[in-house]
Amino acid sequence: MSIVLAKRLKAIKPSPTLSLNAKAKALAAKGADVVSFAAGEPDFDTPKHIKDAAIAALNAGFTKYVATGGIPELKNAIVKKLKTENKLEYTPEQILVSDGAKHSLYNLFQALLSPGDEVVIFAPYWVSYPDMVQLADGKPVFVETSEAEGYAPDPRELRKALSPKTRAVIFNSPSNPTGAVLPRAALEKVAEVLKGHDCLIVTDDIYERLLYVPGPFENLANVEPSLTPRTVVVNGFSKAFSMTGWRLGYAAGPKELIGAMQMIQDQSTSNASSFSQKGAVAALEGPTTDLDAMLTEFKARRDLMVSGLNAIAGVRCRLPEGAFYVFPNIGELIGRSYKGKPIKGSVHMSEILLEDFLLAAVPGEPFGAEGHLRFSFATSRAVIEKGLKRLAEFVASLS
Ligand SMILES: Cc1ncc(COP(=O)(O)O)c(C=O)c1O
């Protein structure tokens, strides 16, 4: 029998970040000394008090199914966190705990979109947004933002992209891949446009704690409270608490939408891991010492990486205000020759870097930003220095 796959798969591409990571890991497993700037996760261990809480839950037999939407203790801790840290008021019925922020977004688009509905996505974007929208039969509508403007959306371009079919606009600040943080003035301009257009606002705040500029972190609902009733906050534990493998994220938003998302989760994955949720309670309520130390280290690595990149002729790198990514502009190197053949683009460059220089870097093209590479600095300073040396050797070999 030949397997006929669903038509909706035609629009979906494999995640380039996950596949590059897999390729780098396969080379390393064969003994190659690969330096990876591809990681989308902190390299630190999960803080001990969080692990202890999950271990205690396991030992106490907290290993059964729990409520699909999340254990009450965690939902209450999320409500409290949103109120005290983000100045946003939600009730526990407005919260849905899922298997990571990625899962929250997936549920959201499945619950929101009908065929042909549009979702506005600012480019450069996290690679999964367009695919998740398309998996829900929606249509991504891209709005370009520029490096020169710090990747702040141009309100006129946003206005042009909105249509009666627009069901949602996604924001991600601090951003993956650029590390850019949208300042209040930029959010205010965007809010002015969105006040006049009845659509959902999705704010993916997963990197909110990884901020290298003075806080507090602010999202669109903070600068324009009238938008709160139609805003969905998506967040999770992966990046802030170094809990990527625990698979825990959440969405907070309008009750009807959260209810619909929960119904999808009821019929698909049910509850997120019970003992992970106990760990997450400890994450939200415990000390921040480990997180503060992590942030200080990330900032030092960012500075090391950016100054190292800017010292390489042909590479220009903006100083990111958040997250753990830099997004160097390598446009000047495209078209130059490597071993007598022109470099065709960021995907081609990333292949050469991995195969010939054992340096894993994610190409900008799948993030909607050709002419860039994404480097993660969620790795040690020694590895950063080694990787930069390899990049410099590659650039020096070009003619
Ligand atoms: C912008 C953005 N949103 C969401 C996620 C998903 O995080 P998780 O599913 O681990 O909570 C990621 C992970 O890379 C991300 O970069």
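When reading the values below, keep in mind they use all heavy atoms of this one structure, side chains included, and skip hydrogens, waters and symmetry mates. Order of listing sets the numbers, starting from 1, for every ligand and every atom in it. Keep in mind the model is a prediction, meaning the values are calculated, not measured.
Listed as neighbours of ligand 1 are G100, A101, K102, W126, Y129, N172, N176, D204, I206, Y207, S238, K239, R247, each bearing a heavy atom under 4.0 Å from the ligand.
Using modelled atom types, one side-chain atom of Y212 and one backbone atom of A323 make a donor-acceptor pair closer than 3.5 Å.
Within a 6.0 Å radius of CD in E393, other residues, nucleotides and ligands contribute more than 12 heavy atoms. Other residues, nucleotides and ligands contribute over 12 non-hydrogen atoms within 6.0 Å of the CZ atom of R184. In this structure, K139 places its NZ atom where only 12 or fewer heavy-atom neighbours from other residues, nucleotides or ligands lie under 6.0 Å away.
Salt-bridge formation is detected for the pair E297/R301: a Lys NZ or Arg NE/NH1/NH2 atom is positioned less than 4.0 Å from an Asp or Glu carboxylate oxygen.
Each of L291, N235, L295, D292 was compared with R209 under the side chain to side chain contact (heavy atoms under 4.5 Å, CB included) criterion, and only L291 meets it.
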